[in-house]
K.L.:
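Starting off with a structure, shown below.
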Number of protein chains: 2
Amino acid sequence: MKGVTTLKHSKVPEATIRRLSRYSRCLEELDERGEKVVSSAQLAGKCAVNSAQVRKDLAYFGEFGIRGVGYYVKDLLSDIKRILGSNKEWRMAVIGMGNLGSALLSYKDFLKQHYKIVAAFDIDPPKVIGRVSEKLGKPMEVLHISRIKEVAKDRKIEIGLIATPPSEVQGVADLLVEAGIRGILNFAPAQITVPEGFVVKNVFFTTILDNLAYLLSNYRPPQK
Amino acid sequence: MKGVTTLKHSKVPEATIRRLSRYSRCLEELDERGEKVVSSAQLAGKCAVNSAQVRKDLAYFGEFGIRGVGYYVKDLLSDIKRILGSNKEWRMAVIGMGNLGSALLSYKDFLKQHYKIVAAFDIDPPKVIGRVSEKLGKPMEVLHISRIKEVAKDRKIEIGLIATPPSEVQGVADLLVEAGIRGILNFAPAQITVPEGFVVKNVFFTTILDNLAYLLSNYRPPQK
DNA sequence: GGATGTGAAGTCGTTCACAGCT
DNA sequence: AGCTGTGAACGACTTCACATCC
């Protein structure tokens with residue numbers, strides 16, 4: 001069995017997926033540097049993880065290496081991208097054009113090529129259109145939220161980035177669900193529930209900063 | 001022992017800290033709604049976690065509840081804030097004024113009050129000053145990165161937000177360390193190493209999106 | 001009576017160590 | 001000989017269940 005990409009065991013830890021993304025970055029570097037082959041120990045060193053961890057992570061999805069040799073960099077990279085689904089283009093919409101939403105829009109060029117923001121929505125487009133377009137080289141039209149279902153279909157949107165005030169989050173999520181947008185990345189600190197088959201990931205800056213604050217507050221210097 | 005805030009067991013899981021942040025949000029809501037007392041079961045329901053988890057999380061830091069009653073909302077909230085260190089003001093600097101860095105700056109009003117961006121740095125301030133200030137109501141002066149040590153002291157900066165290209169990340173981190181800035185929030189997808197006593201948290205959008213992409217790609221609809 | 005605080009059990013993820021290929 | 005792939009040991013976090021206390 002070589003390079004199978006279906007799951008062997010049904011449950012893959014989320015941490016494994018995050019590491020796959022990291023391996024992917026490291027492999028791109030190695031590839032650019034012209035490396036042909038890499039061992040799990042070398043890759044592990046570069047990614048700061050245990051080498052058995054690398055092998056276990058990959059083992060969830062098949063056998064990608066050659067015993068006594070290692071992994072072919074290009075092959076492993078494309079295998080991982082296929083596993084992650086990051087070998088296709090993902091089209092995204094931002095909902096909510098406040099500070100956060102327009103920040104996301106202006107940030108968009110920084111995203112990897114295959115993640116594309118192709119639409120922007122707000123409850124009151126006239127109010128925000130000036131501010132948003134002034135922040136962008138080529139302005140993107142801000143549409144009224146009510147058009148989301150129609151536009152989602154037209155522009156093949158698969159992921160929604162929620163950047164509204166927290167109080168509006170669940171309502172917006174319901175609209176996304178109705179529009180058949182199955183992936184949600186939520187930036188507003190409020191919990192969302194969606195039906196089976198939809199996926200929500202949260203990015204709460206306050207939580208991350210609280211985490212940093214905790215670690216900074218509670219660090220005890222080593223006892224000399 | 002009531003409301004002690006020193007650690008009973010030395011290792012607190014990171015997940016516990018993240019949940020504390022979540023409890024904090026929920027308690028603020030409850031407080032605004034005028035609730036005086038809350039049980040672990042009620043709080044757990046609101047935060048979508050197990051009620052024993054709530055009690056275990058709190059148990060790392062002391063005893064905050066009253067048996068047979070529950071927790072006083074206001075007291076628990078302020079205890080958690082004290083534990084997290086989120087009851088003080090944290091002053092932050094952004095380093096790197098590309099798309100991402102200026103997005104962070106324009107986003108700053110969205111952050112909770114006590115996390116403040118008080119400085120912005122770049123390797124080439126003249127080049128970016130126009131673009132950045134045009135994006136902001138009241139512009140913030142962008143300073144040359146070489147001034148970071150001096151400014152860190154003057155403005156009491158404790159956290160640095162790294163928003164440079166990945167290749168520059170370690171160099172910037174070294175400067176932050178030298179300037180005595182102990183907390184780093186890194187947005188550029190590259191690993192950082194810092195000396196003992198410094199803290200790094202990463203926020204890699206690509207990793208999060210890869211994660212979403214994986215879940216969307218691999219969802220299997222329930223067998224009818 | 002009722003909800004907390006906590007040892008014990010259970011679950012999940014990581015690391016070890018070596019058998020099995022190349 | 002060398003490195004992968006993997007069962008088994010280990011460790012960490014979560015959940016259970018109940019003794020404890022208000």
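Chain naming here is simple, since letters A, B, ... match the order of the sequence lines and numbering starts at 1 in each. Basis for what follows: all heavy atoms, side chains included, without hydrogens, waters or symmetry-related copies. Owing to the predicted nature of the structure, the values given are computational and were not obtained by experimental measurement.
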K.L.:
List in chain and number order the residues that pass side chain to side chain donor-acceptor pair (under 3.5 Å) with A/K56, two or more places apart in sequence or in another chain; answer none if no residue qualifies.
P.N.:
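None.
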K.L.:
For B/Q53, what residues pass the side-chain contact (heavy atoms from CB on, under 4.5 Å) criterion, not counting sequence neighbours?
P.N.:
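Partners of B/Q53 under the side-chain contact (heavy atoms from CB on, under 4.5 Å) test: B/R19, B/Y23, B/N50, B/D57.
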K.L.:
Holding to side-chain contact (heavy atoms from CB on, under 4.5 Å), I want the full list of residues that pass it with A/S51, two or more places apart in sequence or in another chain.
P.N.:
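Checked A/S51 against side-chain contact (heavy atoms from CB on, under 4.5 Å); matches are A/S40, A/A41, A/A44, A/R55.
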K.L.:
What string of B, S and - do you get for nucleotides 9-16 of chain D, 5' to 3', when a contact is any protein heavy atom under 4.0 Å?
P.N.:
----SSBB
K.L.:
Round to the nearest Å and state the distance from B/R67 atom CZ to D/dC18 atom P.
P.N.:
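Those two atoms, CZ and P, are 16 Å apart.
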K.L.:
Output the rounded distance in Å from OH (B/Y72) to C1' (C/dT4).
P.N.:
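These atoms are roughly 14 Å apart.
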K.L.:
Holding to side-chain contact (heavy atoms from CB on, under 4.5 Å), I want the full list of residues that pass it with A/R91, two or more places apart in sequence or in another chain.
P.N.:
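A/R91: side-chain contact (heavy atoms from CB on, under 4.5 Å) contacts with A/E89, A/V118, A/R155, A/K156.
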K.L.:
Applying side chain to side chain donor-acceptor pair (under 3.5 Å), name anything that partners B/E35, two or more places apart in sequence or on another chain.
P.N.:
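Partners of B/E35 under the side chain to side chain donor-acceptor pair (under 3.5 Å) test: none.
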K.L.:
Output the rounded distance in Å from CD1 (B/I66) to C1' (D/dC22).
P.N.:
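The answer, rounded to whole Å, is 8 Å.
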K.L.:
Under the side-chain contact (heavy atoms from CB on, under 4.5 Å) test, which residues partner A/Q170, sequence neighbours left out?
P.N.:
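Here the qualifying residues are A/A173, A/D174, A/I192, A/T193.
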K.L.:
List for me each residue that meets salt bridge (Lys or Arg N to Asp or Glu O under 4.0 Å) alongside B/K46, sequence neighbours excluded, and say none if there are none.
P.N.:
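Residues passing salt bridge (Lys or Arg N to Asp or Glu O under 4.0 Å) with B/K46: B/E29.
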K.L.:
What is the minimum heavy-atom distance between B/L161 and B/F187, and which atoms define it?
P.N.:
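Closest approach of B/L161 to B/F187: CB-CE1, 4.2 Å.
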K.L.:
Among all residues two or more places apart in sequence or in another chain, which pass the side chain to side chain donor-acceptor pair (under 3.5 Å) test with B/N87?
P.N.:
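For B/N87, no residue satisfies side chain to side chain donor-acceptor pair (under 3.5 Å) once neighbours in sequence are set aside.
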K.L.:
Considering residues at least two apart in sequence or located in another chain, which fulfil the side chain to side chain donor-acceptor pair (under 3.5 Å) criterion with A/K88?
P.N.:
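Only A/E158 meet the side chain to side chain donor-acceptor pair (under 3.5 Å) criterion with A/K88.
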K.L.:
Does any residue of residues 20-42 of chain A have a heavy atom under 4.0 Å from DNA chain D, and if so, which ones, in number order?
P.N.:
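Heavy-atom cutoff 4.0 Å gives A/S39, A/S40.
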K.L.:
Would you kindly give the CZ-to-C1' distance between A/R18 and C/dC12, to the nearest whole Å?
P.N.:
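A/R18 atom CZ is separated from C/dC12 atom C1' by 14 Å.
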K.L.:
Pairs under 3.5 angstrom, nitrogen or oxygen only, protein versus nucleotides 9-11 of chain C, please.
P.N.:
none

K.L.:
Please report the closest heavy-atom contact between A/A48 and A/R22, naming both atoms and the distance.
P.N.:
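Shortest heavy-atom contact: O-NH1, 4.2 Å.
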K.L.:
Round to the nearest Å and state the distance from A/L76 atom CG to D/dG5 atom C1'.
P.N.:
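Result: 14 Å.
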